[in-house]
Structures are given as C-alpha cells and as structure tokens.
Amino acid sequence: MPDLLSGLNPEQLRAVTLPRESALILAGAGSGKTRVLTTRIAHLIQTGQASPAGILAVTFTNKAAREMLTRLSAMLPINTRGMWVGTFHGLCNRLLRAHHRDASLPQLFQILDSGDQLSLVKRLAKAQNLDEEKFAPRQLQAFINNCKEAGLRANAVEAGDDFTRRMVAFYADYDAQCNREGVVDFAELLLRTFELLSRNLNLLTHYQERFRYILVDEFQDTNKLQYKWIRLMAGTNGCVFAVGDDDQSIYRFRGADVGNMNEFLRDFGVRDVVKLEQNYRSQGSILDAANAVIAQNKARLGKNLWTAEGRGEPLRIFAAANDEEEARFVVDEVKQLHREGTALADMALLYRSNAQSRILEHALFRAGIAYKVYGGLRFFERQEIKHALAYLRVAANPDDDTAFSRVVNFPPRGIGARSVEQLQEAAASGLGSLARAAKAGAVAGRGGTAIAGFLAIAERLRKASESLTLPELVEEMLSASGLKDHYAAERDGQDRVENLNELVNAATLFNEEFEVGVEPAGESQEDVAPVPGTHQQQVLAAFLAHASLEAGEHEAAAGQDALQLMTVHSAKGLEFDAVFLGGLEEGLFPHDNSLNEDGGIEEERRLMYVAITRARKRLYLTYAGSRMLHGQPRYGIVSRFVEEIPAELCKWIVLPEKQAWASPQKSAWDKPAWGGRSGGGDSWSSGGGRAPRADANQYATAPRASFETSRPDEHPFAIGANVRHAKFGEGVVINFEGRGLDARVQVRFRTEGTKWLALQYAKLTPA
DNA sequence: TGTACTTAAGTTTTT
DNA sequence: CTTAAGTACA
C-alpha cells in the first residue's frame, strides 16, 4: 500500500492527521491545499476512521470536485462512485431529488440558471405592471437572491419602507410562481435543502450520523446560508475540516462572507488552526510581489508565503499605447516562449472581465495560435441551446412556464404577444400554468389554432420522453420543434446548427455515463424512494439538471495544446508556467464598480493576489493607455496594484522602435495616440506601416526610474486622471498638449461640459 | 403578426 | 461594438 504521508511537510502532515475534531486550515496559494484535502480523506479511509460513504466533501466548482475524485482514486483502490463529493449546489440537487416529496417538489423539478431566473422575474414584473424604472428586473433578482442567501423567506424579511415592502411582496409572488411551475433557482437549491433538513428530524439524524466527516474546500467563499447548512449537517457531533484562505476571498459579490471563518472558530470551538505557508508553486520574485500587494490589505488573518526556491526571473511589465498593441505584445511573447519550449497549455492569459478576451482572441486567431477560452459564452447558455433545452423542459414538465414562454412562439408559429397575454391572464386567474391555460382553450381564434399546434408538439415530445433514449429524444425534439430547420434556413445559422448537433453529442455522452453510473445525480439504494417517471424520464431530468449546474466547463479538445484564456476569477485554483495579466488599468482592475462599495478595493486587491499567484516561473503585467470600450476609446492610467509591487522585482519592457523616443525628455505618449479624438480620424490604432517587430527576447528594457518619467500617468494630469477645478467641479482629463508651462489639458467636467485649460493658470487639483 | 429597421443601453466577477 | 427593445410597415 502506498505511503500517503510521505513527502508532506510538517504542517501538511499535521493537518492530514488531525484527530477527530473540527479544524481550520489556512492554506496559502500554492501551499498544497488540494493535496492536503485529498490526502486527509484517503488517510481517514485507509486508517479505518471513516468509510467512503461516511465522508461529505464540498467544493465550489465542479472542476474541483472532479479533481478531488480523480486524485482520490489514484491514492486508494476504492470506488469513488458512491462518495458524496460535489459542489453545494450539486449535493443539494442530489438531496432534493432523493427527498423531493418531503421537500414538496416534483420529482422532475427543473433548475433555473441566472438567465432563466431573470426572464421569470421580467415576466412576473410585467404581469404585475411594476414600474421598470423603479424596480429594475436585475435589482429584483439580486434582492431575491440576497434574501435567500441570507436564509430568509419573504415572510421573514423585515421591510422598513414601502420600496422594500414592494420588493418583499414581489419575492413572495416569485416564490409562489416557482412552486406552481415546479422550478428551483440556484439559491433555492440551498435554502430548500436547508429547510428540508431542519424540519425533518429523521432525515437530519440520518445524514448527520452518516457523514461523520465533513470537509469544505474554499471555505472563505461560503455564504451565510452555506455556513448554516454546514452547521446543520455537522450537528453537535460532526467533525468539520475547513480549508480556506482569507486572502483569496473574491466572491463577496455573490454573498461570500469571510466572516464565516471567525464564526467557525467560535461555533465549533476550533482548537486547531493550521497555517500552510510554504509555497511550492511560484518562484521568489513572484511570491514577493504577491506578498507586497496583499500586505496593503488591512482586514487579514495574517499569513506570509515563503518558498525554498530561488528568486527566479523578475516580473515583466509592459505599457502599451492601446489594447491592440497590448494584444500584439502578448501574442509575440507567447510565440517566443512557445518556440523556447513552453507548451501553450502551460501559459495563460488572464483578465479582469470577459469583455477583454475578444481582442486577445482576435490577435491569437490571426497569429494562428491555438487557444481555449473558459467562461464567457458558455455552451449551455447559447441562445439556440437554451431554446432546445426549453423544449426538453416542456417535455419533462409541461408546467414550466419559463420554458413554455421561451419557445411557445419560437420558431415563429403565429402566436403573438396578445395570445401569450391571454394565456398569462388565464393562468393567473386559477388555471395554474400557461400550458394548462392553453389546454383549456383560453385563447380563441387564429392564435388558438397556433397554440394548439404548439401543444401538439409538446405532447408528442412528452410521449417521446417516456420511451426514447436521451439522444434519440434530442434528435426528435430538434426536428419536431422545427428548431433545426429554422436555424438551417437562417443566414448565419450554420454555427447554431452545429451547436445543436453538438447538443446531441452531449446527450449521447451523458446518457452513456449515466447508464454506467458515473453521474451522481441519480442516487442509488437507500436514499431514494421509488419514484414515478420512467427510467428515460429520469435520465432527462438528470441531463437538464446537469445543463443548469454545469454550464459547460467545456473541456478543451482532448490532447490539443492550447493557450488558456480566462478571467482571474475562473483561474483560481489553477497554475501555469507563464501568466499574462492584462488590462491593469485604474477603472478596469480595480474595477470602477468596486470603488464605491466598502471593502471593494480590498476585494479587488485579493483578486490581484490570486492573479499573481497563478504563475510559476514567469509573470507579465500589461496595461494600455487607451482601450476600446462600447465602441469608444477610453483612456486609462496604470493600476495602483502595479505600483504596489516593489520596483526591484520588476523589469519594464520597451519595444525596440520606441526606444528612440522613450527618453525622459520626450514622452512616448506625446505621440498622437489620442490625437485622432479631436480630429475625428483614428490613424494610430490601425497601425499601418509599423515595422515588423524584432523577436521578443530582443526587447530593450528600461530601468523603471527613467521610464517612469515618460509614462502618461506620471503627469499629474494625465489622460484619464480625475481632477477637480475650483469653479467647474470634478472632471476627467481626456486630452492634453504641450509640455511644461505651455501645457494645456482638455477636461470633461461632470456638469460643465468639456473645456481646454492651461495648466499654468487653471487651479486644477487631483481628485 | 411578423419582419426590418432604428435607437438605446450596457459589461465585473459565477454556482 | 453587440444586444435588447422600440417603431414602422407589409
């Protein structure tokens, strides 16, 4: 039997072999967190302290769950199939399916993803004639989710004013509607499970006795409800092994509460806090940079990463004139590294927001570099796929109004807004769902005939769902619904048709795995009461749940060596030899929207910390003087996070053709990069006539001090700088010309319009 | 009702 | 720049 414990450092060993009591593991980035977690599980099983069935392990992403299972089966000769390892949402789904009756849910309940939820909210708001100005659907959606994540039903929410009262009332209506339709949103999965267990003592005791060991990954990302959920599951006798890193808490926007770490220490009487501070991933300079940045945060539990490795290379910093140049630079460096032997898959391009990927993709495509984008438009979120899934959902559950209204007239079959309105009225006045209203003949005339046509399709699919295998059903749906024909006839519909075919493949794959029992959604043996619905219908329900919960972490084409593109958020937990972090501009990273929230900057800084610590050997930080946003150039200054990195860790990169004018006297930024703004043309960004660049390794480098004076952001009133004028108030610099005493800046004031001001006379102060 | 056109608005991050 | 929503017409 392999020795699980060999090779662990003393802290890791201590964590893995802790006695049966609750513990908190503060695991820094790259400190072997996943290894500790999986080894702990393996150790518990190997020493007979726990059986595989007695372990509950919770992660935040499906990827992390899979990773854990893979590593476990490599460590132990056990079948991991029956183990409860998954995301909060996945595990809750499993519990609710198994006990749907106790949870007052139909066995084939559907899961709404964020988009589905939003359209339901919109539909309801419209039906109630809510003023969209005052009650924006997104705001209502956020309100509902926040309430649920705090564990509050509508009747438990305290409303101090009329506005809130109205939202609470809407929340109640929303929940009622979900119940009528038999659908469940993400937050509901958790809340419903929590209520199920807290109301059903038998069930609770059953699971508490079963799961004697609970392990939680990324504990800093748990929200209030998830924490309550863990506490409930653990009971008084449970043993919770929580692993987390407060410095990597980056999901506050969706309710994550780092405070849970302190509550955990208190509530569980934790005596053992183990700090894992030795980093096995990054070389010295990278780690020093990360430490320096995160040290600026005040609210920390305190932890300092160190490495036994050498310093390695300095961080490379590149200031591009614009986003295109930034992309070109990145592509050239990637090429060079690739030539030198780094696999594409060992390199990553990270960015703050998904919108930044487009221009990178464009440059990569032109350069013929294989790349893979994670996140962004996910497979299961594409329009055509959502339509297809909606047909399947109608087949699984005719009362699913969201699905019904999505496809009742798609492809167009002559059912207009008026008819749908009539259906909604009929449904609201007692008939229940849209489908029931339709069957009852709520719409007469032409619309009624068309609706009958749709009902026929729905009924045909429902019948088919009883007997056909999943892929067969999908095929049948694609033709019966007319979706395939519709997109095939569309001008640019080829991609969509291909995606629909891809859906058949996905169904085939899912079906095979389900039959083998890999997919944990269909719980086995003791936990499942005999349920209605044929086997095929259960496969369908599992597939639909899968589509919602796993929005398509599409695996890269197998074996393909491809450059990795993703947001910093989705990079958490991953590591690469070389990392390019782009868009390091104020307003983008840290993002503007974070500035107003309290604690926002610290959260952004943690995000920066996560980004830096993804790199093993080489880290590039780039930013652009101007960037296209909403079709308009937007001028940026370097992110404060770059400034927080000690200069001696950095090497500034200057393109060869720029050396001539990158001197302290004459600024590279005096080039009319934004001159086109007032003139109307944009000759610069087209980049025509630019000489081919030398190889990446021939870049000249400038010591930071001398280069700094030539950066626009060193100018006190550089493009993009926020300024205050005694008379005109606050504004932003959008252009400037001249130098020294002659310098004039153009400022767009918040209230006074745009003005040219001579620096010598105008009383401008940085704001 | 459906299509074609114009206009407005939007993008932080995700289970 | 892209998408959603709004308007005019067949």
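A, B, ... follow the sequence lines: proteins, then strands. Residue 1 opens every chain.
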> The side chain of A/Arg358 lies closest to which of these nucleotides: B/dT15, C/dT2, B/dT13?
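Side chain of A/Arg358 sits closest to C/dT2.
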
> Can a donor-acceptor pair under 3.5 Å be found between the side-chain atoms of A/Ser114 and the base atoms of B/dT14?
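Per atom types, no contact qualifies.
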
> Considering only B/dT11, B/dG2, B/dT14, which nucleotide approaches the side chain of A/Arg254 most closely?
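For A/Arg254, the side-chain atoms sit closest to B/dT14.
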
> Would you check if A/Phe253 stacks with the base of B/dT13, given a 5.5 Å centroid limit and a 30° plane limit, both strict?
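Given the distance and angle limits, yes, they stack.
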
> To the nearest angstrom, how far is A/Leu190 atom CG from B/dT14 atom C1'?
13 Å

> Please report the distance separating the P of B/dT11 from the corresponding atom of C/dG6, rounded so that it comes out in whole Å.
16 Å

> Do A/Lys484 and A/Tyr487 form a cation-pi contact, if we require the NZ or CZ to be under 6.0 Å from the six-membered ring centre and within 45 degrees of the ring's axis?
no

> Base, sugar-phosphate, or nothing: which does A/Tyr251 touch, judged by heavy atoms less than 4.0 Å apart?
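Sugar-phosphate contact only - A/Tyr251 comes under 4.0 Å of backbone atoms but never of a base.
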
> A/Gln383 has an atom CD; how far is it from atom P of C/dA4, in whole Å?
8 Å

> When you measure from the side chain of A/Ser419, which nucleotide among B/dT13, B/dT11, B/dT1 comes out closest?
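Selected nucleotide (nearest to the side chain): B/dT1.
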
> In this structure, how many angstroms lie between the C1' atom of B/dT3 and the NE2 atom of A/His486, rounded?
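One finds 12 Å between C1' of B/dT3 and NE2 of A/His486, rounded.
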
> Could you state the atom-to-atom distance from CD of A/Gln356 to P of C/dC1 in whole Å?
18 Å

> Between A/Asn409 and A/Glu603, just flag the one whose closest nucleotide in DNA chain B comes earlier from the 5' side.
A/Asn409

> Which part of the nucleic acid, if any, lies within reach of A/Asp592 when heavy atoms closer than 4.0 Å are counted: base, sugar-phosphate only, or nothing?
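Answer is nothing: A/Asp592 stays at 4.0 Å or more from every strand.
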
> Counting only side-chain heavy atoms from C-beta out, which of B/dT15, B/dG2, B/dT14 sits nearest to A/His89?
B/dT15

> Parallel, tilted or perpendicular: which fits the ring planes of A/Phe410 and A/His387, with parallel below 30° and perpendicular above 60°?
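Ring orientation, 0 to 90° scale: parallel.
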
> With a cut-off of under 6.0 Å to the ring centre and 45° to the axis, is A/Lys572 in cation-pi contact with A/Phe60?
no

> Check the distance between B/dT14's C1' and A/Lys63's NZ and give it to me in whole angstrom.
12 Å

> Side chain of A/Lys122: nearest nucleotide among B/dG2, B/dT11, C/dA5?
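So the side chain of A/Lys122 is nearest to C/dA5.
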
> What is the distance, to the nearest angstrom, from the CE atom on A/Met628 to the C1' atom on C/dT2?
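My rounded result for the distance is 13 Å.
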
> Taking the side chain of A/Arg138 as heavy atoms from C-beta outward, which of B/dT14, B/dT11, B/dT15 is closest to it?
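Shortest atom-to-atom distance from the side chain points to B/dT11.
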
> Looking at B/dT14, I'd like to know if its phosphate oxygens (OP1 or OP2) sit under 4.0 Å from a side-chain N or O belonging to A/Asn354.
yes

> Apply side-chain contact (heavy atoms from CB on, under 4.5 Å) to residues A/Lys148 and A/Tyr171 and explain how you reach the verdict.
CA-CA 10 Å; A/Lys148 290 192 179 183; A/Tyr171 174 20; 3.3 Å; yes

> Round to a whole Å and report the spacing from CG of A/Asn62 to P of B/dT15.
8 Å

> Which sits closer to the 5' end of DNA chain B, A/His591 or A/Ile415, going by the nucleotide each is nearest to?
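In this pair, the answer is A/Ile415.
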
> Return the pairing partner of B/dT11 with a 3.5 Å limit on both distances, Watson-Crick or G-U wobble; otherwise return none.
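Partner of B/dT11: none found under 3.5 Å.
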
> Has A/Ser570 got a side-chain N or O lying under 4.0 Å from the OP1 or OP2 atom of B/dT13?
no

> Does A/Arg97 count as lying over the ring of A/Phe109, i.e. NZ or CZ under 6.0 Å from the six-ring centre, within 45 degrees of the axis?
yes

> Check whether NZ of the Lys or CZ of the Arg A/Arg606 lies under 6.0 Å from the centre of the six-membered ring of A/Tyr609 and within 45 degrees of that ring's axis.
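The answer is no, since A/Arg606 fails at least one limit relative to A/Tyr609.
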
> In whole angstroms, how far is the C1' atom of B/dG10 from the CZ atom of A/Arg634?
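Distance, rounded to whole Å: 13 Å.
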
